[in-house]
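Contents: one structure, followed by commentary.
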Amino acid sequence: MGIVEEAHNVKVTGSGEQVIVLAHGFGTDQSVWKHLVPHLVDDYRVVLYDNMGAGTTNPDYFDFNRYSTLEGYALDLLAILEELQIVSCILVGHSVSAMIGAIASISRPDLFTKLVMISGSPRYLNDVDYYGGFEQEELDQLFEAMRSNYKAWCSGFAPLAVGGDMDSVAVQEFSRTLFNMRPDIALSVAQTIFQSDMRQILGLVSVPCHIIQSVKDLAVPVVISEYLHQNLLVDSVVEVMSSDGHLPQLSSPDIVIPVLLRHIRYNIAS
C-alpha cells in the first residue's frame with residue numbers, strides 16, 4: 001500500500017470494469033457509505049477513502065495551511081487516483097466532497113465520467129441575490145460554540161444536521177464520527193467549508209453532474225440544487241428526495257440508495 005493510500009485509509013472492494021469513488025463530507029468518514037457499498041460491489045470496483053482531518057486519519061498529517069482551501073482536498077483525491085492507477089471513475093461526493101470533486105474534475109476532466117453530488121453547496125453564506133442558508137453571524141456563533149465546548153457542540157449539532165429522530169442510529173453514528181475529530185482540526189475544517197465560495201468555478205466543470213438533495217436539509221437549502229443546475233454549464237440533472245437531513249445516505253437509506261443507484265447507472269451525457 002502506498003503512502004497516500006495509507007494516510008487516507010483507502011479501501012478498494014468489489015469487482016467490475018467501472019470504478020466508483022465514494023467521497024464523504026464534514027464530520028464523517030468512509031463508514032457513512034455502509035448502506036450503499038453492498039449494492040455496488042457486484043458490479044463495480046469501489047474505492048473508499050477518508051478525507052484528511054477525519055477522526056480515522058492521523059492528526060499529525062493534517063496540514064492547516066494545505067487544508068485552508070478545498071483545493072488541498074482535491075489534490076488528495078487526484079493523488080489517490082494516481083496511486084491506484086485509476087484512469088476513469090464515477091465520483092459520488094457527499095457535502096463538501098461534491099465541490100472537492102468539481103475542483104478535481106476541472107484540473108483532470110479525463111479522470112471523471114460523471115459527478116454524483118449529494119447535499120452539495122457552492123456557498124453556505126447568503127449573498128446579494130443568493131440564498132446559501134446562513135448569515136455570517138450564525139456561522140461565527142457556530143465556530144464559537146465549537147471552540148468553547150466541542151463535545152457539547154457535537155451533541156447539539158448532530159441531530160440538527162441528520163434531522164428526524166434525535167435518538168436515531170444515524171444521529172448516534174454522526175455524533176461518533178464528529179466527536180472522533182480532534183477539536184482544533186474540526187474547527188479549521190468547518191471554517192474552510194462554511195466560508196468557502198465555489199460559485200465562480202461551476203462554469204468550468206466539463207463532466208456531467210447528477211445533483212441529489214434532501215427536501216429538508218439544515219446545511220443546504222433546497223434552492224441550491226436548482227442553483228447548481230442553472231450554473232453548471234454541462235449536462236446536469238436534479239433530483240430532490242423526500243428524505244430529511246444532510247446525511248440522507250445514512251439516515252434514510254431506503255429512500256436514498258435506489259436514487260443513488262439510478263444516478264450511478266444512468267447517463268445524461270449524449
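Predicted model, so just to flag it, every value in this text is computed and none were measured.
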If you link I, L, V, M, F, W and Y whenever their side-chain heavy atoms are under 4.5 Å apart, who else ends up in the same group as Val223? Tyr131
Tell me, with the steps shown, if Asn267 and Lys114 meet side-chain contact (heavy atoms from CB on, under 4.5 Å). CA-CA 8 Å; Asn267 290 329; Lys114 66 178 162 190; 2.9 Å; yes
Is it the case that one hydrophobic cluster holds both Ile268 and Val240, taking links as side-chain heavy atoms less than 4.5 Å apart, direct or via other members? no
side-chain hydrogen bond (donor to acceptor under 3.5 Å, both in side chains): pairs with one or both residues in residues 197-210, sequence neighbours excluded: Arg123-Asp197, Asp127-Arg199, Asp197-Arg199, His210-His263
Suppose we screen for side-chain hydrogen bond (donor to acceptor under 3.5 Å, both in side chains). Which residues come up paired with His39, at least two apart in sequence or across chains? none
Beyond-backbone contact of Pro109 with Val207, side-chain heavy atoms, under 4.5 angstrom: yes
Would a hydrophobic clustering, with Ile, Leu, Val, Met, Phe, Trp and Tyr connected at side-chain separations under 4.5 Å, put Val162 with Leu160? yes
Using 4.0 Å as the upper bound for N to carboxylate O, is an ion pair formed by Glu239 and Arg262? yes
Distance-only donor-acceptor pairs under 3.5 Å for side chains of residues 84-101, two or more places apart:
from	atom 1	to	atom 2	distance (Å)
His94	NE2	His246	O	2.7
Ser95	OG	His246	NE2	2.8
Ser97	OG	His24	O	2.6
Ser97	OG	Asn51	ND2	3.3

Tyr44: partners by side-chain hydrogen bond (donor to acceptor under 3.5 Å, both in side chains), with sequence neighbours left out: none
What pairs of donor and acceptor atoms, side-chain ones from residues 138-145 against any protein atom, are under 3.5 angstrom apart with sequence neighbours left out?
from	atom 1	to	atom 2	distance (Å)
Glu138	OE1	Glu135	N	2.7
Asp140	OD1	Gln136	NE2	2.9
Glu144	OE1	Arg147	NH1	3.1

Looking at Tyr61, I want to see if its OH is surrounded by more than 12 non-hydrogen atoms of other residues, nucleotides or ligands under 6.0 Å. no
Look at atom CZ of Phe62 and say whether more than 12 heavy atoms of other residues, nucleotides or ligands are closer to it than 6.0 Å. yes
Are Met181 and Phe179 co-members of a hydrophobic cluster defined by side-chain heavy atoms under 4.5 Å apart? yes
Shared hydrophobic cluster, Leu22 / Leu261 (ILVMFWY, side-chain heavy atoms < 4.5 Å): yes
Of all residues at least two apart in sequence or in a different chain, which pass the ring pair (Phe, Tyr, Trp, His ring centres under 6.0 Å) check with Tyr124? Phe194
Are Leu125 and Val222 grouped together when hydrophobic residues (ILVMFWY) are joined by side-chain heavy atoms under 4.5 angstrom apart? yes
Tell me, please, which residues at least two apart from Ser252 pass side-chain hydrogen bond (donor to acceptor under 3.5 Å, both in side chains). none
Those residues that, when tested against Asp129, pass side chain to side chain contact (heavy atoms under 4.5 Å, CB included) (two or more places apart): none
Check the pair Leu202 / Tyr227 against side-chain contact (heavy atoms from CB on, under 4.5 Å), numbers first and verdict last. CA-CA 10 Å; Leu202 297 177; Tyr227 180 88; 3.9 Å; yes
Only counting residues at least two apart or in another chain, list the ones meeting salt bridge (Lys or Arg N to Asp or Glu O under 4.0 Å) with Asp110. Arg108
Non-hydrogen side-chain atoms of Met241 and Pro248 separated by less than 4.5 Å: yes
So Val47 and Leu81, side-chain contact (heavy atoms from CB on, under 4.5 Å) or not? Walk me through it. CA-CA 9 Å; Val47 176; Leu81 297 181; 5.9 Å; no
Who pairs with Tyr73 by ring pair (Phe, Tyr, Trp, His ring centres under 6.0 Å), at least two apart in sequence or on another chain? Tyr67
Partners of Asn9 by side-chain hydrogen bond (donor to acceptor under 3.5 Å, both in side chains), sequence neighbours excluded? Asp50
Around Glu71, counting heavy atoms of other residues, nucleotides and ligands shown, do more than 12 lie under 6.0 Å from its CD? yes
Taking the side chain as every heavy atom from C-beta outward, state whether Gln30 and Lys11 have any pair of such atoms under 4.5 Å apart. yes
